[in-house]
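In what follows, a structure is listed as structure tokens, so that the remarks can point back to it.
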Amino acid sequence: FSPSVLGTREHWDAAYERDLQTFQDIGDAGEIWFGEESMVRIIRWLEKQQVPLESSVLDIGTGNGLLLIELAKSGYTDLTGIDYSPSAIQLSEKVREKEGMSNIKLKVEDFLAPSAELSGFQLCIDKGTFDAISLNPDNAVEKRKQYVRSLCSALKPEGFFLITSCNWTKEELLNEFREGFEMLEELPTPKLCFGGRIGNTVTALVFQRK
């Protein structure tokens, strides 16, 4: 991929500072990455697999924290969100406070340089963070490799990793996560028809750590 400002911390700091101001002004928490159906898709899979409600969940690049709010409303009790942007965490804290979900844990944390306590999760979720890392102008290839190493550290053996991407195809994601992970399932996403060809605008996969 071509390098992009979407892969820089400066971009996301500025974006979440704007969203934080908007939330303080009018109570709007900002957009849901990949739309509301992306959250429904994740929760539906968890319910179908009967993933226990006490399972420890890490939202990688939590942004405004809305996915964690929906998980909490669905009954999940051990929820952690991280983001390298302090403004994102400030925003997600305000959203958490507004929703009365005091049990959600939120931390400023760079997933590519994780702290020691970022480990032992039974479920890790990524909606767009791996995409953003892939666009980093500064050695994105190495950053993607570090992401996989960090994921191996954060996730328990046999834990689940759910990734939603608009930049990567299923085959490409299988290649990116071939070290230490196996794919369990591809989740249905909206299809696009163009020029007689049908494709997906978004890829959503479930991996399990070996």
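- With contacts defined as side-chain heavy-atom distances shorter than 4.5 Å, the pair Phe181/Leu155 qualifies.
- Judged by distance alone, with hydrogens and angles left aside, the side-chain atoms of Glu109 form a donor-acceptor pair with the main-chain N or O of Ser115 at under 3.5 Å.
- Side-chain contact between Leu58 and Ile125 is absent, with no heavy-atom pair separated by less than 4.5 Å.
- Expressed to the nearest 0.5 Å, how far CG of Leu187 lies from NZ of Lys48 amounts to 7.5 Å.
- Note that NZ of Lys98 and CD1 of Ile69 are 10.0 Å apart. Values are rounded to the nearest 0.5 Å.
- Scanning all heavy atoms of the two residues, the minimum distance from Thr77 to Glu54 falls at OG1-CA, 3.6 Å.
- A salt bridge does not link Glu182 with Lys210: none of the charged nitrogens is closer than 4.0 Å to a carboxylate oxygen.
- Across every non-hydrogen atom of Ala88 and Asp83, the tightest pair is CB-CG, 3.6 Å.
- Scanning both residues, Ser92 and Gly63, for their nearest heavy atoms gives CB-O, 3.6 Å.
- If you look at Tyr147 and Phe111, their ring centroids are closer than 6.0 Å.
- Taking every heavy atom of both residues into account, Lys143 and Leu112 meet most closely at O-CD2, 3.6 Å.
- The CG atom of Leu71 sits 10.0 Å away from atom CE of Met101, with the distance rounded to the nearest 0.5 Å.
- If you take CG on Leu123 and OG on Ser55, they are separated by 7.0 Å, rounding to the nearest 0.5 Å.
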Chi angles and distances behind the side chain to side chain donor-acceptor pair (under 3.5 Å) call for Trp168, Thr203 = CA-CA 7 Å; Trp168 298 88; Thr203 304; over 6 Å; no

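- Looking at Glu70 and Ser74, their side chains never bring a donor and an acceptor atom within 3.5 Å of each other.
- Of the charged side-chain nitrogens involved, at least one lies within less than 4.0 Å of a carboxylate oxygen, so that Asp78 and Lys105 count as a salt-bridged pair.
- Crowding of Arg44 atom CZ: a count of heavy atoms from other residues, nucleotides or ligands under 6.0 Å not exceeding 12.
- A salt bridge links Lys73 and Glu99; the closest N-O separation between the charged side-chain nitrogens and carboxylate oxygens is under 4.0 Å.
- Between Ser165 and Asp131, the shortest heavy-atom contact is OG-OD1, 2.6 Å.
- One distance of note links OG of Ser134 with CD of Glu172; it measures 9.5 Å at 0.5 Å rounding.
- Of all the heavy atoms in Cys152 and Arg209, the pair that sits closest is O-NH1, 3.0 Å.
- Phe160 has its side chain within reach of Leu184: a pair of non-hydrogen atoms, C-beta onward, lies under 4.5 Å apart.
- Looking at residues two or more places apart in sequence or on another chain, you find no ring-ring contact (aromatic ring centres under 6.0 Å, His included) involving Phe121.
- Here Lys127 does not pair with Asp59 in a salt bridge; the nearest charged N to carboxylate O distance is not below 4.0 Å.
- Shown here is Glu97, whose CD atom has no more than 12 heavy atoms of other residues, nucleotides or ligands within 6.0 Å.
- One distance of note links CG of Asp126 with CD1 of Ile133; it measures 7.0 Å at 0.5 Å rounding.
- Between Leu174 and Phe207 there is a side-chain heavy-atom pair separated by less than 4.5 Å.
- Here the side chains of Ile60 and Leu151 are in contact, with some heavy-atom distance below 4.5 Å.
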